[in-house]
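This is a predicted model, so every value here is computed, not measured.
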Amino acid sequence: MKPVSFESIAPDLQAVVVGISTGGPEALNKIIPQIPEHFPIGMAIVQHMPPHFTKSLAERLNSISKIRVKEAEQGMRWNRERY
């Protein structure tokens, strides 16, 4: 399979959505730091885990990320650029 550059497909994307479960936090620890600071579209990560762990996961990912990572909140609006 030939690699595709993000820039070549970005204009057609509305969002990046990642769904993970077992092993997800370990994978996110590797993926999130690789996302560039000026990532051009919104991203949502859905992690299957008990609710009381999601805030600490978001805080840990935010501490290793070039982008802002935040736990979703009731009523939060999606924005292609920023939340």
Go through the steps to decide whether Val17 and Met43 satisfy the test side-chain contact (heavy atoms from CB on, under 4.5 Å), and finish with yes or no. CA-CA 6 Å; Val17 180; Met43 176 180 284; over 6 Å; no
Checking Pro36 now: which residues fulfil side-chain contact (heavy atoms from CB on, under 4.5 Å) with it, not counting sequence neighbours? Phe39
Rounded to the nearest 0.5 angstrom, the CD-CG distance for Gln47 and Leu57 is 6.0 Å
Step by step, would you call Asn29 with Leu61 a side-chain contact (heavy atoms from CB on, under 4.5 Å)? CA-CA 7 Å; Asn29 282 328; Leu61 293 175; 3.7 Å; yes
Could you tell me whether His48 atom NE2 has more than 12 heavy atoms of other residues or ligands within 6.0 Å of it? no
Applying the 4.5 Å side-chain criterion to the ILVMFWY set and letting contacts propagate, would Val46 and Val69 be lumped into a single cluster? no
Give me the atom names and distance for the closest heavy-atom approach of Arg60 to Pro25. NH2-CB, 3.8 Å
Would you name the heavy atoms of Glu71 and Met76 that are closest together and state the gap between them? O-CE, 3.9 Å
Just jot down the side-chain hydrogen bond (donor to acceptor under 3.5 Å, both in side chains) partners of Ser56, sequence neighbours excluded, or say none. none
Working to the nearest 0.5 angstrom, can you tell me the gap between Ile45 CD1 and Ile20 CD1? 6.5 Å
Return yes if some donor-acceptor pair links the side-chain N/O of Lys70 with the main-chain N/O of Ala58 below 3.5 Å, else return no. no
Quick check: is Met49 connected to Ile31 through a chain of hydrophobic side chains (ILVMFWY, heavy atoms under 4.5 Å apart)? no
Evaluate Ile41 against Val16 for side-chain contact (heavy atoms from CB on, under 4.5 Å), listing each step before the verdict. CA-CA 7 Å; Ile41 61 174; Val16 173; 3.6 Å; yes
Set out, in order, the CA-CA distance, both residues' side-chain angles and the distance that settles side-chain contact (heavy atoms from CB on, under 4.5 Å) for Arg68 and Asn62, then state yes or no. CA-CA 6 Å; Arg68 184 172 176 214; Asn62 190 56; 4.1 Å; yes
Residues two or more places apart in sequence or in another chain: which of them pass side-chain contact (heavy atoms from CB on, under 4.5 Å) with Glu59? Lys55
Shared hydrophobic cluster for Phe53 and Ile64 (ILVMFWY, side-chain gaps under 4.5 Å): yes
